[in-house]
Amino acid sequence: MGNVSIIGIDLAKNVFQIHGVDANGKKRLGKTVKRNSLLRFLAKQPSCVVAMEACCGAHFWAREIAKLGHKTKILHPQYVKPFVQGYKNDARDAQAITEAAARPSIPEVAQKTVEQLDLQALHRVRERLMKERTAIGNELRGLLAEMGIIIRTGHKVIREEIHFILEDASNGMSIMGRQIIQDLQNQWLEREERIAQYDKEIQQIAQENEICKRLQSIPGIGVINATLLYSHAGDASSFASGRHFSASVGLVPKQHSSGGKERLSGISKRGNKHVRKQLVHGARSTYKKLLKPEDQSHLGKWVKRMEGKHPNKIIVALANKLARIAWVLMKNETSYVVRA
């Protein structure tokens, strides 16, 4: 047991599979441990590398295991899967995690603090509420169309004008139809109120957190993007470069090169699609400002040099650049400086 240098853990809800190897890669440990016994078991082990796949609870366990004096690694499942030997089961998954953790070339997932996980949860719930609000609004418009009533697009109509439709006795709506539309409007308003509450919480965090305040100095990065980038990045120093960080959100080109021939296609779209989407929105919002002749900043000149390409390509490239700039600010703890 004292020879174990790497322990791989296949995380689960209640029963965890453990696989341990020595410095030569020889198996020295293999057993299952219940959830309430995992930390007690690891506390008895000599200091070593403890690795696990990035999944629900991985950041919590990495944080708790690190307190015991072990070095923790979180690995992306796509890098672990090639090491699974034969058919999949928990023991082979734990073995694959151990094999992947032994390779220094396998990148680690940036470990997140409790604050970052809380902020990530805020954004996830907010995003889900926004999807529900959109779905309810579309359902409401569709049902009204079935009743022969067409309303304009936009949130203001649902917020302020639906009650006029419900009060109009000449539009031919039945009593049950009016009740259903009223109920849908109430559901929509409830989602909007909750979204506004989450927006206030995110705004407050962005004002109090130093990293978020520095990120907001970047063109195209507002409160939403700043807090999203901070929650996604974890420990920014775990990324080797800004390109590695932008690759983690899928903003770099896919590559299929062979025989010295470079073949690049569209962006990979890997990683967190919510962060990627918001970065593209942020780039789109600042794109036209950077195109103005009076903007002679380094970023503005870079955008102007790309004129002639499709605007969407330029916007995605700009989002990629914003992600790289954000990484530099988070890693070096500096603020954005406009360079001419």
Side-chain angles (χ1 to χ4, degrees), residues 1-84 89-121 209-211 230-241 244-245 248 327 330-333:
M1 298 288 282
N3 295 327
V4 173
S5 62
I6 302 177
I7 294 177
I9 305 176
D10 183 40
L11 298 178
K13 291 182 180 179
N14 298 312
V15 180
F16 301 161
Q17 182 70 40
I18 292 178
H19 183 90
V21 298
D22 60 18
N24 296 319
K26 185 176 181 180
K27 181 179 178 181
R28 296 291 183 180
L29 176 64
K31 64 181 298 181
T32 57
V33 177
K34 291 187 177 180
R35 183 183 185 89
N36 56 8
S37 303
L38 179 62
L39 293 178
R40 288 201 301 271
F41 172 80
L42 292 175
K44 298 176 182 177
Q45 307 305 312
S47 181
C48 63
V49 175
V50 179
M52 62 207 78
E53 276 187 324
C55 62
C56 185
H59 292 282
F60 164 79
W61 286 113
R63 191 167 56 247
E64 294 300 314
I65 293 169
K67 294 176 183 177
L68 302 175
H70 299 295
K71 174 178 169 47
T72 55
K73 282 187 175 184
I74 301 177
L75 306 176
H76 196 285
Q78 73 174 0
Y79 296 115
V80 175
K81 188 175 181 181
F83 293 96
V84 177
N89 59 40
D90 291 346
R92 286 173 177 165
D93 284 348
Q95 180 184 1
I97 293 168
T98 308
E99 293 283 348
R103 268 73 176 170
S105 61
I106 300 294
E108 299 178 33
V109 173
Q111 297 185 25
K112 299 180 182 179
T113 64
V114 175
E115 181 186 12
Q116 288 172 318
L117 290 173
D118 289 343
L119 189 51
Q120 178 181 268
N209 186 282
E210 288 299 322
I211 296 176
Y230 172 63
S231 66
H232 171 73
D235 181 7
S237 61
S238 63
F239 295 95
S241 66
H244 283 79
F245 180 68
S248 73
W327 175 81
M330 288 187 285
K331 182 178 182 294
N332 299 333
E333 298 182 357

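None of these values were measured; they are calculated from a predicted model. Each residue takes its place number in the sequence, starting with 1. FYI, side chains are in, hydrogens and waters are out, and symmetry mates aren't considered; it's all heavy atoms of this structure.
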Worksheet entry | Gln120 side-chain N/O to Lys112 backbone N/O, donor-acceptor pair under 3.5 Å | no
Practice prompt. State the CG-CZ distance between Asp10 and Arg92, to the nearest 0.5 angstrom.
Written response: 13.0 Å
Worksheet item: Would you say the side-chain atoms of His70 pair up with the backbone N or O of Ile65, donor to acceptor, closer than 3.5 Å?
Response: no
Worksheet item: Do the non-hydrogen side-chain atoms of Lys331 and Phe245 ever get within less than 4.5 Å of each other?
Response: no
Practice prompt. Check whether any side-chain heavy atom of Asp93 sits under 4.5 Å from a side-chain heavy atom of Gln17, and report yes or no.
Written response: no
Worksheet item: Should the pair Phe16 and Trp61 be assigned to parallel (<30°), tilted (30 to 60°) or perpendicular (>60°) ring geometry?
Response: perpendicular
Worksheet item: Are the side chain of Gln111 and the backbone N or O of His59 linked by a donor-acceptor pair below 3.5 Å?
Response: no
Worksheet entry | Phe83 side chain reached by Arg103 side chain, heavy atoms, under 4.5 Å | yes
Worksheet item: Judged by atom type as modelled, is there a donor-acceptor pair below 3.5 Å linking the side chain of Ser231 to the main-chain atoms of Leu119?
Response: no
Worksheet, complete the sentence: Rounded to the nearest 0.5 Å, the CZ atom of Arg63 sits from the OG1 atom of Thr113 at a distance of 8.0 Å
Worksheet entry | Separation between NZ of Lys31 and CD1 of Ile18, rounded to the nearest 0.5 Å | 7.0 Å
Worksheet item: What closest approach, in Å, do Ser5 and Ala23 show between heavy atoms, and which atom pair accounts for it?
Response: OG-N, 3.3 Å
Discussion item. Check whether Asp22 reaches the backbone of Asn24 with its side chain - one donor and one acceptor, N or O, closer than 3.5 Å.
Written reply: yes
Fill in: NE2-CH2 distance between His244 and Trp327, expressed to the nearest 0.5 angstrom
9.5 Å
Item to complete: State, with a plain yes or no, whether a side-chain heavy atom of Arg35 is found less than 4.5 Å away from one of Lys13.
Response: no
Discussion item. Quick check: do Val15 and Asp90 have side-chain heavy atoms less than 4.5 Å from each other?
Written reply: no
Worksheet item: Could you give the distance from CD1 (Ile211) to CD (Glu333), rounded to the nearest 0.5 Å?
Response: 6.5 Å
Discussion item. One pair to check against side-chain contact (heavy atoms from CB on, under 4.5 Å): Glu115 and Asn209. What are the steps and the verdict?
Written reply: CA-CA 10 Å; Glu115 181 186 12; Asn209 186 282; 3.1 Å; yes
Item to complete: Please report the closest heavy-atom contact between Lys71 and Glu108, naming both atoms and the distance.
Response: NZ-OE2, 4.2 Å
Worksheet item: Is the shortest heavy-atom distance from the side chain of Glu53 to the side chain of Leu11 under 4.5 Å?
Response: no
Discussion item. To check you understand the geometry: which heavy-atom pair defines the closest contact between Ser238 and Ala110, and what is its length?
Written reply: OG-CB, 3.1 Å
Item to complete: Give the minimum heavy-atom separation between Phe239 and Ala233, together with the two atoms involved.
Response: CE1-O, 3.4 Å
Item to complete: Supply the atom-to-atom distance His232 NE2 to Met330 CE, rounded to the nearest 0.5 angstrom.
Response: 8.5 Å
Fill in: Minimum heavy-atom distance between Ile97 and Gly8, given as atom pair plus value
CG2-CA, 4.1 Å
Worksheet, complete the sentence: Note: Ala66 and Thr72 closest approach over all heavy atoms is N-CG2, 3.8 Å
